[in-house]
Amino acid sequence: MHYLSTRNNQLKESFIDILFQGLSKEGGLYLPEVWPIIPIDSLRGKSYQEIAHAVIHPYIKESISENELSSILIKTYKSFDHDNVAPLIKIEKNKYILELFYGPTFAFKDYALQFLGNLFSHVMLNSNKKITILGATSGDTGSAAIEAFKSKKNINVFILHPHNMVSDVQRRQMTTVADSNIHNIALEGTFDDCQKIVKTLFLDSEIQSQTSLTAVNSINWSRLIAQTVYYFWAYTQLDSKKISFIVPSGNFGNIFSARVAAFMGLPMDQLYLVTNSNDILHRTITSGDMKKADVQQTYSPSMDIQVSSNFERQIFESLERNSDELQHIMRSFLNTGQYVLSSKVVKDLQSIYNSYSVSNAQVLETIKNFNEKYNYLADPHTATGLYVLNGEQSNNPLVSLACAHPAKFGDAIKIATGSKPSFPEKLKNVFDKEEKFTILKNSTEDIKKHIIKNL
């Protein structure tokens, strides 16, 4: 298995070559040269760990043995709080919720980042290599990364979050971790600003000469293959020839993981992409007009994004892997904040994704409705998907992804239902711990100086 870049389709990198890289030197995102096909019937009756092994191994088999991968996966999921790892909850006929909040930080990001933490530790086991993890978070990625990499030998972690634009629980899950290798930066800007700085620093020769920067955002290919697992898992829990998924979407990584599952042979019926009022993905798919707007704060802050990094991977596929055309599109978009995609690309996007945008008011109404009708309490991100689930009918199973535990967004839950959700035991103590973070200006140079100073 070799890997190319969205901005250089002639690359032939190994898995180990790309594991610690965020971007290719051209600024592109990595993808496999070919898509391995998984024999679906062979997965039925398997455990979550066994399915994870079957899905992930084809991408890394030249680098990590089957036994080594099995050991990594056992370590990854042993701390999850549900026997099924990712339980599938039936709401009514052909309507299901896939709960992805049983990891240590109660968000779907744990399913990939716990894997990434154990994968990095395995690869670095007999090495003197030191790395610096640099990531941007709109809420849940940061805490999941910090939990996965805290106290890890030879690994420093710097996480940027938008100051005052994540929930109290999300922030405290990051900032109350006292380990000396963890560094939290509250940026005076939006998540898009955080993400832009991270991408710029990955291409900065000065900081790369000081340390080996490594990505844990979903620009890292390993994140996506770990997320692909639960789409196959959900399919094997149901007796159906085809399956549909509803995916709340911010940075496009989770829904592109569903697309990867389809490339690998998962019989997908429909794929629904759902945004909040920060609806650039919805607008792009429906009209081709990829135009940035001001980021609006919503009850679903992890989706408050206007530049979705992983969308580049999908555009590359829709362009039939033409990296020259992809470079032109991304350069124009980053320079001007807008680009109108060709009708051919738009037609391809619409053949894959049904897109929706869900307002703040609709989120609150959905939380209230599902609580009263099904006695099911959903966080605001999950509620964007449940809004679509509520209005759709299907002859095949329709599975909506539950992104985070509702206790992480208690204020929104209280507005919707009149009372705050109860906290899991592991979350209760985050309000008793001292916070540790640094507030910095929206400046790439300031962030770079802060990182170098704290290496």
Side-chain angles (χ1 to χ4, degrees), residues 3-8 11 13 17-31 109 113 116 131-139 141-142 145 156-162 165 183 185-224 250-253 256 278 280-281 290 292 295 302 304-316 323 326-339 440-452:
Y3 291 85
L4 47 74
S5 162
T6 54
R7 303 192 192 185
N8 182 356
L11 283 180
E13 302 282 353
D17 288 336
I18 72 162
L19 175 60
F20 295 104
Q21 297 181 46
L23 303 168
S24 69
K25 66 181 181 180
E26 302 85 4
L29 282 70
Y30 290 108
L31 282 168
K109 308 295 177 83
L113 281 162
L116 205 59
I131 64 172
T132 297
I133 286 173
L134 177 61
T137 185
S138 53
T141 292
N156 274 308
V157 181
F158 292 85
I159 299 293
L160 284 68
H161 72 266
M165 294 180 73
H183 306 273
I185 299 169
L187 188 81
E188 293 180 332
T190 66
F191 168 73
D192 288 339
D193 296 322
C194 296
Q195 188 165 245
K196 183 178 180 181
I197 288 173
V198 167
K199 286 184 175 181
T200 301
L201 289 178
F202 269 104
L203 302 175
D204 187 287
S205 57
E206 181 185 356
I207 195 168
Q208 289 285 12
S209 70
Q210 300 270 342
T211 185
S212 177
L213 284 185
T214 298
V216 292
N217 281 69
S218 53
I219 58 175
N220 189 309
W221 173 245
S222 301
R223 277 273 309 270
L224 268 66
N251 215 21
F252 205 79
F256 191 74
N278 295 288
I280 185 170
L281 289 170
M290 192 164 65
K292 280 199 292 184
V295 174
S302 298
D304 291 349
I305 296 172
Q306 288 287 343
V307 181
S308 302
S309 286
N310 284 286
F311 196 47
E312 178 170 327
R313 284 183 162 115
Q314 179 55 61
I315 295 174
F316 180 67
S323 52
L326 186 282
Q327 285 218 45
H328 167 70
I329 291 172
M330 297 313 298
R331 194 180 304 117
S332 298
F333 177 66
L334 293 174
N335 288 339
T336 67
Q338 62 182 72
Y339 189 88
L440 293 176
K441 293 179 181 178
N442 183 10
S443 161
T444 302
E445 195 61 32
D446 285 359
I447 300 299
K448 181 166 78 171
K449 288 177 180 177
H450 180 77
I451 292 171
I452 292 173

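Bear in mind the structure is a predicted one, so any value in this text is a computation, not a measurement.
Between atom OG of residue S332 and atom CD of residue Q327 there is a gap of 11.0 Å, rounded to the nearest 0.5 Å. Annotation: the span from Q21 atom CD to Q208 atom CD amounts to 8.5 Å, rounded to 0.5 Å. Between the CG atom of D446 and the CG atom of L187 there is a distance of 9.5 Å, given to the nearest 0.5 Å. The structure places CE of M290 at 10.5 Å from NZ of K292, a figure rounded to the nearest 0.5 Å. Going from atom CD1 of I159 over to atom NE2 of H183 covers 11.0 Å, rounded to the nearest 0.5 Å. Atom OG1 of T6 is separated from atom CG of L326 by 5.0 Å, given to the nearest 0.5 angstrom.
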Worked verdict on Y339 versus H328 for side chain to side chain contact (heavy atoms under 4.5 Å, CB included): CA-CA 10 Å; Y339 189 88; H328 167 70; 3.6 Å; yes

Side chain to side chain contact (heavy atoms under 4.5 Å, CB included) assessment of V157 paired with V216: CA-CA 10 Å; V157 181; V216 292; over 6 Å; no

Trace of the side chain to side chain contact (heavy atoms under 4.5 Å, CB included) decision for S138 with D304: CA-CA 7 Å; S138 53; D304 291 349; over 6 Å; no

Intermediate values then yes/no, side chain to side chain contact (heavy atoms under 4.5 Å, CB included), Y3 and L31: CA-CA 5 Å; Y3 291 85; L31 282 168; 5.8 Å; no

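In this structure the side chain of N156 never reaches within 4.5 angstrom of the side chain of I133, judged on heavy atoms. Looking only at side-chain heavy atoms (C-beta outward), T444 and L201 come within less than 4.5 Å of each other. F316 places a side-chain heavy atom less than 4.5 Å from the side chain of L4. Using a 4.5 Å heavy-atom threshold, the side chains of F191 and V307 count as separate. Two residues are said to be in side-chain contact when any heavy atoms from C-beta on lie closer than 4.5 Å; L134 and I207 fail this criterion. A 4.5 Å side-chain heavy-atom check between Q306 and T190 finds every atom pair outside the cut-off. Within the 4.5 Å cutoff, side-chain heavy atoms of L23 are placed close to those of K199. Side-chain atoms of I329 and I315, non-hydrogen and from C-beta on, do get closer than 4.5 Å to each other.
Under the side-chain contact (heavy atoms from CB on, under 4.5 Å) criterion, S24 pairs with S5, L11, E26, Y30, not counting sequence neighbours. Listed by chain and residue number, nothing satisfies the ring pair (Phe, Tyr, Trp, His ring centres under 6.0 Å) test with F202 (two or more places apart in sequence, or in another chain). For S308, the side-chain contact (heavy atoms from CB on, under 4.5 Å) criterion is met by N251, F252, L281, I305, F311, not counting sequence neighbours. With sequence neighbours left out, the side-chain hydrogen bond (donor to acceptor under 3.5 Å, both in side chains) criterion links S218 to N310. Under the side-chain contact (heavy atoms from CB on, under 4.5 Å) criterion, H450 pairs with F158, I185, T438, L440, N454, not counting sequence neighbours. E312 pairs by the salt bridge (charged side-chain N to carboxylate O under 4.0 Å, His left out) definition with R7, not counting sequence neighbours. By the side-chain hydrogen bond (donor to acceptor under 3.5 Å, both in side chains) test, S212 is found to be paired with no residue, residues two or more places apart in sequence or in another chain being considered. Applying the side-chain hydrogen bond (donor to acceptor under 3.5 Å, both in side chains) rule to D17 yields the partners S14; only residues at least two apart in sequence or on another chain are considered. Residues satisfying the salt bridge (charged side-chain N to carboxylate O under 4.0 Å, His left out) criterion with K448, sequence neighbours excluded, are D204, E206, E445. With sequence neighbours left out, the side-chain hydrogen bond (donor to acceptor under 3.5 Å, both in side chains) criterion links T137 to no other residue.
A donor-acceptor pair is defined here as one N or O able to donate and one able to accept, closer than 3.5 Å; no such pair exists between the side chain of T211 and the backbone of L213. Counting only distance, with no hydrogens or angles, the side chain of R313 and the backbone of I219 share a donor-acceptor pair below 3.5 Å.
Every pair tested for salt bridge (charged side-chain N to carboxylate O under 4.0 Å, His left out) that includes a residue from residues 185-198 fails, sequence neighbours excluded, so the list is empty.
Q195 and S309 form a side-chain donor-acceptor contact under 3.5 Å, judged by distance and modelled atom types alone.
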